[in-house]
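Just the heavy atoms: all of them, side chains too, but no hydrogens, waters or symmetry mates, feed the values below. In this text, all values refer to a predicted model and were calculated from it rather than measured experimentally.
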Amino acid sequence: MKFSTVIALCAFALPALGANEANIRLLPSEESPVIVKEIYGQFAEHLGTCIYGGLWVGEDSPIPNTRGYRTDVLNALKELKIPVLRWPGGCFADEYHWMDGIGPRESRPRMVNNNWGGTVEDNSFGTHDFFDLCEILGCEPYLSGNVGSGSVEELAKWVEYITAEDGPMANLRKQNGREKPWHLKYLGVGNESWGCGGNFRPEYYADVYRRYQTYCRNYDGNKLYKIASGASDYDYNWTDVMMRNARNQMDGISLHYYTVLGWSGRKGSAIDFTPEDYYWTLGKCLEIKDVVKRHCDIMDKYDPKKRIGLLVDEWGTWWDEEPGTISGHLYQQNSMRDAMVAALSLNVFHRFTDRVKMTNIAQIANVLQSMVLTKGDKMVLTPTYYVFKMYLPHQDAKLIPLNVATPMIRARDGRQVPVVDATASVKDGKTALSLVNTDLNEPAEITIDLSGISAKNITGEILTSQKITDYNDFDHPQTISLQPFTKGWKVSKGKLIVTLPAKSIVTLSLS
C-alpha cells in the first residue's frame with residue numbers, strides 16, 4: 001500500500017476515549033515520502049490589487065519599495081520561504097500576450113481585463129518584473145501560458161525569450177535589459193481549459209496540449225516541467241481523458257478545488273457567519289481528500305510509477321467580496337475560519353505527497369484567501385499567513401504517517417468534521433507535529449504515542465482567537481497572531497499529552 005492510502009484507511013481506526021479526547025499514534029518509517037516544499041506554493045494573478053498595490057507599486061511610489069516591489073510585502077513573504085510562485089493567472093493567463101509587458105513601460109499597450117471587473121491593465125508589470133521578483137524571493141517561477149487566445153508561436157517564443165542564451169528572442173531580452181537568461185522549470189500549458197481558458201472538450205484539449213508543448217523547447221540546459229491544464233474538482237472524466245491521451249507528453253497535470261458554497265448567487269460573508277456555516281465549511285474543505293484520492297486513482301491506472309505529478313495549483317476559500325470594494329476584484333477578509341481551512345488542507349496534501357507535487361493557494365495578496373492585505377502604505381498579515389509560517393518545518397521533511405482516533409462533528413449536508421486533525425514530519429533530527437482542534441467551544445485532550453520519537457526538548461506555537469469570526473484589519477493588525485505554546489502539554493511513559501484549546505492550531509517541535 002502507498003502511504004496516502006494507509007493514512008486514509010487508518011485515520012480513524014483507533015477507539016476514541018470520550019468526548020473531545022483523541023488518540024494519535026505516530027508511525028515513523030524509512031520508506032515514508034518527503035513532503036515536497038512546493039506544496040507551499042503561492043499564486044499571483046492580474047486580478048484586483050493582487051499585483052498592483054499588493055506586490056508592485058513602482059519605483060516612483062511614495063510607498064516604501066525595493067525596485068518597485070513593496071518592501072513590507074517582500075519582507076513578509078521572505079519569512080514564508082515561498083518555494084514557487086504561479087503567474088500571470090488564472091483566467092487572465094489565456095488573455096495575456098507577453099510581448100505587451102516588455103520594453104519601455106510608457107510605450108506598452110493597455111488592455112481591458114475582461115475577466116476581472118473590466119479594469120484597464122497597463123502592462124507595467126511584465127515578464128522581467130515577475131522573474132526579478134522570484135529571484136528576490138528565492139522561489140521558482142511557474143508560468144501559465146496562453147492557449148485560449150494565444151498561438152503556439154507566441155508561447156514558444158516566450159519560453160525562448162526567458163531561457164535561451166542566444167538567438168532572436170534572447171537578443172530581444174538583452175535589449176530590454178536582461179543579459180542572462182532566467183531559469184524556468186514550471187510551465188503550464190493553458191489554465192482551466194474546460195472553462196475560461198477556452199471551453200475545450202477534454203478530447204480536443206488533449207490534442208491542443210500535445211501540439212503546444214511540442215514547441216516549448218529546452219534551451220541551453222534549462223529543462224521544462226510541462227503541466228497540462230487539469231480538472232475542476234469532481235470532473236474525473238477530464239483527468240481520465242488527459243491521462244489516456246497525453247500522459248507521455250506531460251510532467252504534471254493540475255487540479256482546482258475551492259472551498260465555496262456554490263458558483264451562482266451568494267457565497268457568504270468571510271466574517272459574518274454562524275457556527276453551522278463554520279462546520280459546513282470545514283466539511284467542504286476536507287472533501288478535497290476524496291477528490292484528490294479519486295484523481296490519484298485515475299492517474300495510478302495510467303501511471304503506476306507516479307512519474308506524473310498532480311498539482312493543485314488553485315485552492316482555498318472563496319467568499320463574497322467585501323462590501324464597498326470593486327466588483328470583480330475578489331477582495332475578501334480572512335478570519336480564523338480561513339486559517340482552519342488552510343491547516344486542514346495542508347494536512348491532506350501531506351498525505352498524498354507521493355503524487356501531489358505542488359499546490360498553490362489563491363492568492364498571495366488582496367484576493368481570495370490571501371497571505372497579506374494592503375491599503376495604501378499599510379499592510380496586514382492574515383491568519384492564513386500565520387498557518388503557512390507555523391507549518392514551515394514540514395517543507396521538504398519526511399512524512400511521519402499517523403493514526404488518529406477522534407470524535408466527529410456532524411455538519412450540514414451530512415458532512416463529517418473531525419474534532420482533531422494532525423500531521424507530522426521529521427527533518428534534521430527534529431519532529432514537527434501540527435495539531436488542529438476544530439471544536440468551537442471545548443478544548444481537546446490528545447494522547448500521542450510517540451513510538452520511540454525523542455521528546456526531551458519541546459517547543460511550540462499556537463494560533464487561535466476569542467471568536468472564530470475574528471480577523472486582522474488595518475486598525476487591528478494583531479487580533480490574530482502566532483503566540484508561544486508553552487503550557488498544556490506533558491510527556492509521560494512515552495506518550496505526549498496535549499490539551500489543545502478550542503478552535504486552535506498548534507505546531508510542536510520535538511527533539
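- Under the ring pair (Phe, Tyr, Trp, His ring centres under 6.0 Å) test applied with Trp87, the options Tyr96, Phe43, Phe92, Phe131 reduce to a single match, Tyr96.
- Side-chain contact check for Asp338 and Trp319: at least one donor-acceptor pair (N or O, by modelled atom type) lies under 3.5 Å.
- Of all heavy-atom pairs between Asp396 and Val36, the closest is OD1-CA, 3.7 Å.
- For the residue pair Tyr391 / Asn347, a side-chain donor-acceptor distance below 3.5 Å is found, with atom types taken as modelled.
- Shown here is Arg307, whose CZ atom has more than 12 heavy atoms of other residues, nucleotides or ligands within 6.0 Å.
- Counting heavy atoms from C-beta on, the side chains of Asn23 and Asp449 never come closer than 4.5 Å.
- Considering every non-hydrogen atom in both Cys50 and Ala44, the closest pair reads SG-CA, 3.8 Å.
- Panel note: side chain Arg294, backbone Val291; no donor-acceptor pair is recorded below 3.5 Å.
- Exactly one residue among Ile227, Leu187, Leu184, Leu85 makes a side-chain contact (heavy atoms from CB on, under 4.5 Å) with Tyr142. That residue is Ile227.
- Between Met242 and Met250, the closest side-chain pair of non-hydrogen atoms falls below 4.5 Å.
- Between Cys196 and Cys91, the SG-SG separation falls below 2.5 Å.
- Ring geometry for Phe388 versus Tyr40: interplanar angle over 60°, hence perpendicular rather than tilted (30 to 60°).
- Minimum heavy-atom separation, Phe273 to Tyr278: CE1-CB, 4.1 Å.
- Counting only heavy atoms from C-beta outward, the side chains of His329 and Val367 never approach each other to under 4.5 Å.
- One side chain, Ser434 or His394, offers a donor N or O that lies under 3.5 Å from an acceptor on the other.
- Here Thr469 pairs with nothing under the side chain to side chain donor-acceptor pair (under 3.5 Å) rule; sequence neighbours left out.
- The two residues Ser425 and Pro393 come nearest to each other via the heavy atoms OG-O, 4.0 Å.
- Inter-residue side-chain proximity for Val436 and Met340 is flagged as met; some heavy-atom pair is nearer than 4.5 Å.
- Using cut-offs of 30° and 60° for the angle between ring planes, the Tyr234 and Tyr236 rings count as perpendicular.
- Side-chain contact, Gln369 with Thr317: a donor N or O sits under 3.5 Å from an acceptor N or O.
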